[in-house]
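Residue numbering restarts at 1 for every chain, and letters A, B, ... go by the order of the sequence lines. Worth saying up front: this structure is predicted, and the values here are computed from it rather than measured.
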Protein chains: 2
Amino acid sequence: MSTHDSSYFQVALSTSLVVYGFDGENLLTLIGQKPQEPYKGAPMLPTTMVKPDQSVEDAAAAVLTESLGLSDYYLEQLNAFSKLYRKPEGRVVNIAHYSLIKHELMERKPAAGYQWIRPKEMPDLVYDHNQIFDFAQERLKRRVKHRPIGFRLLPKEFSFNQIHLLYEQTLGKKLDKRNFHKKLMRSKLLIDEHKAEKMDGSNKPSHLYSFNEKRYNKLNLRGYDFKF
Amino acid sequence: MSTHDSSYFQVALSTSLVVYGFDGENLLTLIGQKPQEPYKGAPMLPTTMVKPDQSVEDAAAAVLTESLGLSDYYLEQLNAFSKLYRKPEGRVVNIAHYSLIKHELMERKPAAGYQWIRPKEMPDLVYDHNQIFDFAQERLKRRVKHRPIGFRLLPKEFSFNQIHLLYEQTLGKKLDKRNFHKKLMRSKLLIDEHKAEKMDGSNKPSHLYSFNEKRYNKLNLRGYDFKF
DNA sequence: GCAAAAGTGTTAGGGTTACACCCATGT
DNA sequence: ACATGGGTGTAACCCTAACACTTTTGC
């Protein structure tokens, strides 16, 4: 292989993000709008070009800053989407990522043109963005089953019902309440905070848990499976 | 996002491959040599630059053709490795893949400069190729556990001992012979060919199985786990 | 008959699943 | 007292893991 041929250096990089958040009841994902013609205003994943001297992760982080005003984020690469659909200017390779947003940061409104929607209501997107989104959905399912990634979406203190809702929505199926509860407790990854949530309706207040990260890190060393 | 700025189009693409094969007893992986100074002759993953009008998959396939003379291959993208370690000519993004080679194609010798080695004996490689290799090793482990990908490496007809060796080597641990046998049989994914292997030593001949791909495809529709 | 590899069963323990009712709270 | 969501146990089944000896073959 030789790189001593400047004709190779004709490609541009972009990155699209599939961003997930949990508002306390629902798993949500972020969509933006195409800023220019053609198809100006059409829904798309939050996306940016990557500057030649910029790391892809920095470019992805900039998208989060622009759309949500965040500097605190979890990012993971999905895949490079490199189909040769030509723009007149040349080839663009999209190194897509997905990102999980802490519940605490979900209150502020997204910037103009961005909105949170339910993943099930994802519309048709420009380019191959639906393919990227589907890829992210699969990745999220696997991650949530095998790693305690749900805790990056939940509030620091959460009720059993919140984690239950989140798992049902990411996995896209009903999970038996009692069995899920047993499994969670058996894992010993939850700390019982011995306090109840603030009331909001007329019903029994739930009590709160937090994630035992230290214990997880210990377990993690021997065998990387969480198994939900 | 705007691509209407030609300054973005300065990146080159390469692809490195982590190629696995099974010679009947051992899981092997392919290494090449750096063809130019600096570090000419240093071990590296089989790699090529991607031409601006070439798909990444085609470029990866070309590496397999050059190194092994193959046109029949399984390829899967690993990740894009896009660190900003600058060459004087500009930025190179490596969209790495891994590939599984059918046992039937393992007899011919690799081209000059390439050789099959045991994954455990992987030497220090140039650039970030060890990182790519480690990434591939993790991916292979997961795939072999959850999908019947071992069958892409095994001969069409294989003995229980061959599949046992292959799984032990990909997972990097001993698997109890009797339990593994039961699990395989329970899965009903093997067809008993009711014949014995040709003898090569002075011992009991094993009998041969093949992979029941039709049955797998049926199972695959509902739930994508093989679970080994 | 011996060396080399193939083949084969049982048991205990733990995980998974299916399933329905009572409890605590605010109004 | 009622409406709302919170919280809890048991039994059957299946899977896993641990474990060692006998069989078949060529020489």
Side-chain N or O of B/H207 closer than 4.0 Å to phosphate OP1/OP2 of C/dA6: no

Residue pairs passing the salt bridge (charged side-chain N to carboxylate O under 4.0 Å, His left out) test where at least one lies in residues 183-195 of chain A, sequence neighbours excluded: A/E157-A/K195

Donor-acceptor pair, side chain of A/S99 and main chain of A/Y74, under 3.5 angstrom: yes

Pair B/N94, B/S16: side-chain N/O donor-acceptor within cut-off below 3.5 Å: yes

Nearest-Å distance for atom pair CD/C1', residues A/Q162 and D/dG7: 16 Å

d(CZ, B/F180; P, C/dT8) in whole Å: 15 Å

Annotated protein contacts, base or backbone, on nucleotides 9-14 of chain D with a non-hydrogen cut-off under 4.0 Å, one of B, S, - each: BB----

Protein-nucleotide distance (B/M185, atom CE; C/dG7, atom C1'), rounded to Å: 10 Å

Compile the donor-acceptor pairs under 3.5 Å between side chains in residues 104-115 of chain A and protein atoms, sequence neighbours left out, one pair per line.
unit_1 : atom_1 : unit_2 : atom_2 : d
A/E104 : OE2    : A/K156 : N      : 2.8
A/R108 : NH1    : A/G69  : O      : 3.2
A/Y114 : OH     : A/E66  : OE2    : 3.1

4.5 Å side-chain heavy-atom contact, A/L68 and A/I101: yes

Atom-to-atom span, CD1 of A/I163 to P of D/dG5 - whole angstrom: 20 Å

Intermediate values then yes/no, side chain to side chain contact (heavy atoms under 4.5 Å, CB included), B/Y20 and B/L27: CA-CA 7 Å; B/Y20 291 104; B/L27 180 70; 4.2 Å; yes

Whole-Å distance separating the NZ atom of B/K174 from the P atom of D/dA17: 16 Å

With sequence neighbours excluded, residues passing ring-ring contact (aromatic ring centres under 6.0 Å, His included) with A/Y167: A/F180, A/F228

Audit row: A/F160, A/H164, ring-ring contact (aromatic ring centres under 6.0 Å, His included) steps and yes/no: CA-CA 6 Å; A/F160 168 75; A/H164 186 220; 5.5 Å; yes

Within residues 188-196 of chain A, residues whose heavy atoms come under 4.0 Å of DNA chain C: none

Verdict with supporting geometry, A/S159 and A/H207, side-chain hydrogen bond (donor to acceptor under 3.5 Å, both in side chains): CA-CA 6 Å; A/S159 68; A/H207 76 280; over 6 Å; no

Qualifying residues under side-chain contact (heavy atoms from CB on, under 4.5 Å), relative to A/N179, sequence neighbours excluded: A/D176, A/K182

4.5 Å side-chain heavy-atom contact, B/L78 and B/H97: no

With sequence neighbours excluded, residues passing ring-ring contact (aromatic ring centres under 6.0 Å, His included) with A/H103: none

Residues in side-chain contact (heavy atoms from CB on, under 4.5 Å) contact with B/D128, at least two apart in sequence or another chain: B/F81, B/Y85, B/Q131, B/I132

Listed partners of B/Q33 passing side chain to side chain donor-acceptor pair (under 3.5 Å), at least two apart: none

Length of the line joining B/K177:NZ and D/dT22:P, which is rounded to integer Å: 14 Å

B/I117 vs B/L30 side-chain heavy atoms within contact, under 4.5 Å: no

Please list, pair by pair, any protein nitrogen or oxygen found under 3.5 Å from a nitrogen or oxygen in nucleotides 24-27 of chain D.
none

Test salt bridge (charged side-chain N to carboxylate O under 4.0 Å, His left out) applied to B/E76 and B/R152, B/R142, B/R147, B/R139, the passing residue: B/R139

Interatomic distance where CG belongs to A/N161 and P belongs to D/dG6 [whole Å]: 4 Å

Give every pair of a protein N or O atom and an N or O atom of nucleotides 12-15 of chain C that lie under 3.5 Å apart, one pair per line with the distance.
none

Divergence of helical axes at both termini of the helix from C/dG1-D/dC27 to C/dT27-D/dA1 - five pairs an end, 10° steps: 10°

Nearest-Å distance for atom pair NZ/C1', residues A/K173 and C/dA18: 15 Å

